[in-house]
Q: 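Before we start, here is the structure in question, set down as structure tokens.
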Protein chains: 2
Amino acid sequence: MLSKKTKYGIKALIYLSKYEDNAPVQIEAISKSENISRKFLESILLTLRKNGFLGSKKGKGGGYYLIKEPEAIKMSSVMRVLDGPIAMVPCVSLNFYEKCDDCPDENACAVHNLMVEVRDSTLKIFNNKSLADLIK
Amino acid sequence: MLSKKTKYGIKALIYLSKYEDNAPVQIEAISKSENISRKFLESILLTLRKNGFLGSKKGKGGGYYLIKEPEAIKMSSVMRVLDGPIAMVPCVSLNFYEKCDDCPDENACAVHNLMVEVRDSTLKIFNNKSLADLIK
DNA sequence: TATTATCCTATAGGATTAGTAGAATTTAAA
DNA sequence: TTTAAATTCTACTAATCCTATAGGATAATA
């Protein structure tokens, strides 16, 4: 399941990418336009900023703005920051790998191998999809 | 994330599919071989039985056995029974559809359309993969 | 200095997950 | 007919994660 956090985060990024001049947009504006709880969105934008997707400006006339070109923002990186691993099982994750404690041999594990396939096909989509592609 | 329930369930199905004569296999045997908590596995096998994948026999010499040919068990159906929806978002699910309450127009929603793509590619894998394929 | 906005920490409530306990029921074999 | 072995069923619990919400601190602008 995609968390609401992720869904809201992507929607916010899309909203921001429409302001090509990169003028700061206030949380309130995004929150209202996309029907997202204001305080919740606040925390989401904060993590997007901390992870290098957004810049922010405090005080009057402040807000959030995209720091990179929409073409340069891959969905795979957005997903990893907001939703965590893309793989369905930690033992198959490229960026969040963890060994299963029940499974003695990964290569012999049918579940493992099945999930590798799923990961690859999902990753192919997220890697080839930029924020700019989403808007088209 | 794939739940442990699902992971264990698939492993149990694989274990059972190796007994081609379909003689009942006891929970205890599966539990030990696959390192799965006995009681937890118990409840998993029960739902697999209630959903037509397994048969069971009580009493001495009893246990669980496959009710269908491994070739006839599609991973998509196993996933749906144990893990729930295959789609990452309810508004994109074929079997567990639910409307988003924040989104006025699905077709105009970029997240929606992205997740349709992911669903299709994942579903393609699960639909074309049978229990028998997993063992090869 | 007043106002506007983000920044940050903490926390609450609900849902889900993973697992546990224990008694009831059924069956086969002694 | 008794006993032992197995599933079945209901209910419970502990831990974790998700979705927010609260409230004050901090910074920038007019």
Side-chain angles (χ1 to χ4, degrees), chain A residues 1-12 16 23-32 34-51 53-67 79 81-85 88-90 96 98 100-102, chain B residues 1-12 16 19 23-32 34-51 53-67 81-85 88-90 96 98 100-102:
Chain A
M1 279 283 293
L2 193 76
S3 67
K4 296 211 170 173
K5 184 175 158 189
T6 308
K7 186 178 155 198
Y8 293 163
I10 297 175
K11 285 192 167 187
L16 287 173
V25 177
Q26 292 142 31
I27 295 177
E28 193 69 20
I30 307 176
S31 151
K32 278 190 179 147
E34 304 300 320
N35 297 310
I36 303 170
S37 139
R38 194 232 138 100
K39 274 292 192 179
F40 191 27
L41 180 58
E42 199 179 307
S43 73
I44 296 168
L45 295 179
L46 202 57
T47 76
L48 283 174
R49 199 214 53 167
K50 285 183 179 164
N51 283 279
F53 293 96
L54 301 180
S56 66
K57 204 183 158 190
K58 283 187 181 179
K60 201 166 191 174
Y64 285 95
Y65 48 91
L66 271 188
I67 241 176
M79 287 295 295
V81 163
L82 293 175
D83 218 49
M88 293 189 78
V89 187
F96 301 83
E98 254 178 86
C100 300
D101 39 355
D102 60 303
Chain B
M1 280 282 293
L2 192 74
S3 66
K4 298 212 169 173
K5 183 174 157 190
T6 308
K7 187 178 156 199
Y8 293 164
I10 297 175
K11 285 191 169 189
L16 287 173
Y19 288 79
V25 177
Q26 292 142 32
I27 295 178
E28 192 69 21
I30 307 175
S31 152
K32 277 188 178 150
E34 304 299 320
N35 297 310
I36 305 170
S37 141
R38 193 230 137 102
K39 274 292 194 179
F40 192 27
L41 180 58
E42 201 179 304
S43 72
I44 297 167
L45 295 179
L46 202 58
T47 76
L48 283 174
R49 199 214 53 166
K50 285 182 179 166
N51 283 279
F53 293 96
L54 300 180
S56 66
K57 202 183 157 189
K58 284 189 179 177
K60 202 166 191 175
Y64 285 94
Y65 50 89
L66 273 189
I67 242 177
V81 163
L82 293 175
D83 220 48
M88 294 188 79
V89 187
F96 300 83
E98 254 176 84
C100 300
D101 39 354
D102 59 304

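Hydrogens, waters and symmetry mates are skipped; everything else that's a heavy atom, side chains included, is used. Here is how names work: the chains are called A, B, and so on, in the same order as the sequence lines, proteins then strands, and each is numbered from 1.
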Q: Looking for any heavy atom pair under 4.0 Å, which part of the strands does A:Lys7 touch: base, sugar-phosphate only, or nothing?
A: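 Since no nucleic acid heavy atom lies under 4.0 Å of A:Lys7, the category is nothing.
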Q: Is there side-chain contact between B:Lys39 and B:Ser31, with heavy atoms separated by less than 4.5 Å?
A: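 No, too far: nothing below the 4.5 Å cut-off.
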Q: How many angstroms lie between CD1 in B:Ile27 and OG in B:Ser43, if you round to the nearest 0.5 Å?
A: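 Nearest 0.5 Å value for the CD1-OG distance: 9.0 Å.
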Q: Starting at atom CG of A:Asn35, determine the distance to atom C1' of D:dA20, rounded to an integer number of angstrom.
A: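 Whole-Å distance recorded here is 16 Å.
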Q: Categorize B:Ile27 for me: base, sugar-phosphate, or nothing, with a 4.0 angstrom heavy-atom threshold over every strand shown.
A: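 If one applies the 4.0 Å heavy-atom cut-off, B:Ile27 turns out to touch the sugar-phosphate alone, with no base involved.
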Q: Nucleotides 16-21 of chain C: which of its N/O atoms have a protein N/O under 3.5 Å away?
A:
| residue | atom | partner | partner atom | Å |
| --- | --- | --- | --- | --- |
| C:dA18 | OP1 | B:Lys4 | N | 3.2 |
| C:dA18 | OP2 | B:Lys4 | N | 3.3 |
| C:dT20 | OP2 | B:Ser37 | OG | 3.2 |

Q: Test your reading of the model: is there a side-chain donor-acceptor pair from A:Asp83 to the backbone of A:Ser3, 3.5 Å cut-off?
A: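 Yes; at least one donor-acceptor contact below 3.5 Å.
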Q: Quick one: pull up CD1 in B:Ile67 and CG in B:Leu48 and give me the separation to the nearest 0.5 Å.
A: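 Here the interatomic distance stands at 11.0 Å.
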Q: Please tabulate, one pair per line, each protein N/O and nucleotide N/O from nucleotides 2-5 of chain D that are separated by under 3.5 Å, including the distance.
A:
none

Q: Take atom CG of B:Asn51 and atom C1' of D:dT8, then tell me their distance rounded to the nearest Å.
A: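 Rounded to the whole Å, the gap is 16 Å.
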Q: Rounded to the nearest Å, what distance is computed from the CZ atom of residue B:Arg49 to the P atom of nucleotide D:dT7?
A: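 So the CZ-P distance, B:Arg49 to D:dT7, works out to 12 Å.
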Q: Go through the structure and list residues passing ring-ring contact (aromatic ring centres under 6.0 Å, His included) with B:Tyr8, not counting sequence neighbours.
A: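 Checked B:Tyr8 against ring-ring contact (aromatic ring centres under 6.0 Å, His included); matches are B:Phe40.
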Q: Tell me whether the OP1 or OP2 atom of D:dT8 has a side-chain N or O from B:Ser56 closer than 4.0 Å.
A: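 Indeed, a polar side-chain atom of B:Ser56 lies that close.
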Q: With rounding to the nearest 0.5 angstrom, report the CG to CD1 distance, A:Leu16 to A:Ile30.
A: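 If we round to the nearest 0.5 Å, A:Leu16:CG and A:Ile30:CD1 are 4.0 Å apart.
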Q: How many angstroms lie between CZ in A:Arg38 and NZ in A:Lys32, if you round to the nearest 0.5 Å?
A: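 Answer for the CZ-NZ pair, A:Arg38 versus A:Lys32, is 9.5 Å.
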Q: How close or far is atom C1' of D:dC17 from atom CZ of A:Phe96, stated in whole angstroms?
A: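 These atoms are roughly 16 Å apart.
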Q: If you apply the rule salt bridge (charged side-chain N to carboxylate O under 4.0 Å, His left out), what do you find for A:Asp102 with B:Lys11, and how did you get there?
A: CA-CA 11 Å; A:Asp102 60 303; B:Lys11 285 191 169 189; 2.8 Å; yes
Q: For the pair made of OH in B:Tyr65 and P in D:dA6, what is the distance, rounded to whole Å?
A: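 So the two atoms are 16 Å apart, to the nearest Å.
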Q: Measure from CD1 on B:Ile30 to C1' on D:dT7 and round the result to the nearest Å.
A: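 About 12 Å, once rounded to whole Å.
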Q: Separation of A:Leu45 atom CG from D:dA20 atom C1', in whole Å?
A: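 A:Leu45 atom CG is separated from D:dA20 atom C1' by 15 Å.
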Q: Taking CG from A:Leu41 and P from D:dA20, how many angstroms apart are they, rounded to a whole number?
A: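 From A:Leu41 CG to D:dA20 P: 11 Å.
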Q: Is B:Asn51 reaching over with its side chain to a backbone N or O of B:Thr47, donor-acceptor style, under 3.5 angstrom?
A: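 Present.
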